[in-house]
There are 2 protein chains.
Amino acid sequence: MDTRFPDLRRFGGADAFLQVCKPRTVLDIFTGKWAGLVMGALLDGPRRFNELRRMLDGITQKMLSQTLRTLERDGLVTRTVYPTIPPRVDYELTALGHSAVDVLRAIGVWAGEHADQVLAAREAYDERAKEPVEMVSRA
Amino acid sequence: MDTRFPDLRRFGGADAFLQVCKPRTVLDIFTGKWAGLVMGALLDGPRRFNELRRMLDGITQKMLSQTLRTLERDGLVTRTVYPTIPPRVDYELTALGHSAVDVLRAIGVWAGEHADQVLAAREAYDERAKEPVEMVSRA
DNA sequence: CTGAATCCTACTGGATACTG
DNA sequence: CAGTATCCAGTAGGATTCAG
């Protein structure tokens, strides 16, 4: 989901979305599978790599590593290396990262409040699909 | 980005995200490439298929059709068919859909306000990557 | 411990052509 | 007009292996 600048040229109505045109690339921050969870795991302070891995049970090293690198690149997380043996690396949310978490929280709240409605709608829809079919192709 | 229920079992810290566990499936609403834009196009009232297609310049029939069907399934949009000739179909946001748009707007606002910071951070990061490299592997 | 590199699969989204 | 069906490319994400 990206294709780099598919770019949503002008946008008909909805002024609120005009600003989404350029910042669209930034939206990827919220679309990844893990980015939100990783930031959530950093809410309480700095964490080490394996600490995060344990918190996000189910994530692979690759995805954690990849996600962290992206978050760092986007300025949402800082990475601090302690040149000790064994090496130790701490990750921490930046101010920007915290502001992003607020948005994630808003999304989470909406999802929490409306999940039932959405799921019910889905069930109803899928149910209707299996129905009588009415339009019998009577030969 | 889905794999249906990868399911984020328990979640270490961040209480705010606990509720994301079950409703995670609902989050897909915001992750699609077009869902947000389509809902945005419906803000001012009902629209017909081709009307939407023109507003969302760049979208293909397939994606518009697919997106609308998903939105309908999730109860965010209603679909009304007028059995006239030629056929006419109207799409309109439901109350649930409108509430979702509010969240989308919040995301858009954040993106608009912080896009510059993120993009600057990215540039800086990419710049550093090309640097001296310091750690010369001196034989 | 903290990653990077490789391989592999499934899904998203686009182009094109056809139907009621 | 409002779709559906088919084919195709790019990519996200997982498993596994290797390295500093």
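So you know, we letter chains A, B, ... as the sequences are listed, proteins then strands, and number each from 1.
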In whole angstroms, the gap separating C1' of C:dG14 from CD1 of B:Ile59 amounts to 11 Å

In plain terms, say whether B:Asp126 and A:Arg73 are close enough for a salt bridge, that is, a side-chain N and a carboxylate O under 4.0 Å apart.
yes

N/O-N/O pairs, protein side and nucleotides 1-8 of chain C side, under 3.5 Å:
| residue | atom | partner | partner atom | Å |
| --- | --- | --- | --- | --- |
| C:dC1 | OP1 | A:Asn50 | ND2 | 2.6 |
| C:dC1 | O3' | A:Arg48 | NH2 | 3.1 |
| C:dT2 | OP1 | A:Arg48 | NE | 3.1 |
| C:dT2 | OP1 | A:Arg48 | NH2 | 3.1 |
| C:dT2 | OP2 | A:Asn50 | N | 3.1 |
| C:dT2 | OP2 | A:Asn50 | ND2 | 3.1 |
| C:dG3 | OP1 | A:Arg79 | NH1 | 2.2 |
| C:dG3 | OP1 | A:Arg79 | NH2 | 3.4 |
| C:dG3 | OP2 | A:Tyr91 | OH | 2.5 |
| C:dA4 | OP2 | A:Ser65 | OG | 2.8 |
| C:dA4 | OP2 | A:Arg69 | NH2 | 3.4 |

So CZ of A:Arg48 and OH of A:Tyr82: to nearest 0.5 Å the spacing works out to 10.0 Å

note: B:Leu71, atom CG; D:dG3, atom P; distance rounded to Å ~ 13 Å

In this structure, NE2 of A:His98 is separated from CG of A:Leu93 (nearest 0.5 Å) by 4.5 Å

From CG of B:Leu52 across to P of D:dC1 the rounded distance in Å is 13 Å

When rounded to whole Å, the CG to C1' distance for the pair A:Leu56 and D:dG14 reads 16 Å

Taken to the nearest whole Å, NZ/A:Lys33 to P/C:dT12 is 12 Å

In whole angstroms, the gap separating P of D:dA15 from CG of A:Leu64 amounts to 14 Å

**Asked** If we only count heavy atoms from C-beta on, is the A:Trp110 to B:Val26 side-chain gap below 4.5 Å?
**Response** yes

Check your understanding: So do B:Tyr91 and B:Arg79 actually touch side chain to side chain, heavy atoms under 4.5 Å?
Key -> yes

Side-chain donor-acceptor distances from residues 58-72 of chain B under 3.5 Å, at least two apart:
| residue | atom | partner | partner atom | Å |
| --- | --- | --- | --- | --- |
| B:Thr60 | OG1 | B:Met63 | N | 3.2 |
| B:Thr67 | OG1 | B:Met63 | O | 2.6 |
| B:Thr70 | OG1 | B:Gln66 | O | 3.0 |

From CH2 of B:Trp34 across to P of C:dG13 the rounded distance in Å is 10 Å

To the nearest angstrom, the CE-C1' distance between B:Met63 and D:dT4 comes to 14 Å

